[in-house]
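Heads up: the structure comes next, in structure tokens.
The first residue in the sequence is number 1, and the count goes up from there.
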Amino acid sequence: TPYEMARQPNRLPLEKIVEAAGLVGRRDALQKQIALLSDSDIAVRYWAAVGLRALGKDEVAARKALTKALDDRSAPVRIEAAGALLALGRSKTALAVLAKELESEQMDAVVHAARTLQLLGDNARPALPSMKKAIERAKKLGAQKDGPMYVLFALTPAIAKLEGKK
């Protein structure tokens, strides 16, 4: 976890992470971010995926790297890669990744996937059944707890919008 990593300062490549995060939003960073998506460090890969999503460029190399990242061992990297691909257009594989993350035992991954689906608007429609299941699960886990509460905050309005309710 980030908490555990912070307590092992020699393990955290802070300069590399800051460099990767600093590329977000830079139009000249496409090739660098594609390369960083294969980095050995999870945080660097995460920021590379965030950067590629921010660029929104539908280039074959970016799409190929993001598709490969859907199988990353890190949930945040998978989720960001899925969000980036879906921002570029529909992707059944990316939607399936987000739907699967809604079932994760890691509540932070569930919240991240829920928020990503919320931001997708109508492009999230095929994941509607998974979103509804996640709402029910969040209610059972206790809506007063942070994780389930955030899932409800993200998915309740998203589902209502997809179903044409206000």
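Atom CD1 in Ile79 sits 9.0 Å away from atom OH in Tyr46 (nearest 0.5 Å). Taking CD1 of Ile159 as the start and CD1 of Ile135 as the end, the distance is 4.5 Å to the nearest 0.5 Å. Annotation: the span from Ile34 atom CD1 to Leu52 atom CG amounts to 6.0 Å, rounded to 0.5 Å. Here CG of Leu98 is found 6.0 Å from OG1 of Thr116. Values are rounded to the nearest 0.5 Å. For the atom pair Leu36 CG and Lys32 NZ, the distance stands at 5.0 Å (nearest 0.5 Å). In this structure, CG in Leu70 is found 12.0 Å from NZ in Lys68, a value given to the nearest 0.5 Å.
The heavy-atom pair separating Pro157 from Gln118 by the smallest distance is CG-NE2, 3.9 Å. Of all heavy-atom pairs between Gly147 and Met107, the closest is CA-CG, 3.3 Å. Between Val151 and Ala134, the shortest heavy-atom contact is CG1-O, 4.1 Å. When all heavy atoms of Ser74 and Arg45 are compared, the pair lying nearest together is CB-NH2, 4.2 Å. Nearest heavy atoms, Arg137 versus Ser104: NH2-O, 2.6 Å. The two residues Ala138 and Pro148 have their closest heavy-atom pair at O-CB, 3.4 Å.
Residue pairs meeting the side-chain hydrogen bond (donor to acceptor under 3.5 Å, both in side chains) criterion with at least one member in residues 77-88, sequence neighbours excluded: Arg78-Glu101, Glu80-His112.
Applying the salt bridge (charged side-chain N to carboxylate O under 4.0 Å, His left out) rule to Lys132 yields the partners Glu163; only residues at least two apart in sequence or on another chain are considered.
Counting heavy atoms from C-beta on, the side chains of Arg26 and Leu23 come closer than 4.5 Å. Two residues are said to be in side-chain contact when any heavy atoms from C-beta on lie closer than 4.5 Å; Leu95 and Leu117 meet this criterion.
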How far apart are the C-alpha atoms of Arg53 and Leu88, what are their side-chain angles, what is the distance that settles it, and do they pass the side chain to side chain contact (heavy atoms under 4.5 Å, CB included) test?
CA-CA 8 Å; Arg53 183 175 186 176; Leu88 297 173; over 6 Å; no
Could you please spell out the steps behind the side chain to side chain contact (heavy atoms under 4.5 Å, CB included) verdict for Leu102 and Lys133?
CA-CA 8 Å; Leu102 289 176; Lys133 285 181 188 175; over 6 Å; no
Let me see the working for Trp47 and Val24 under side chain to side chain contact (heavy atoms under 4.5 Å, CB included), right down to the final yes or no.
CA-CA 7 Å; Trp47 283 109; Val24 175; 3.8 Å; yes
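Proximity of a side-chain donor or acceptor of Arg115 to a complementary backbone N or O of Val110 within less than 3.5 Å is not detected. In this structure a side-chain-to-backbone donor-acceptor pair under 3.5 Å is present from Arg27 to Leu55.
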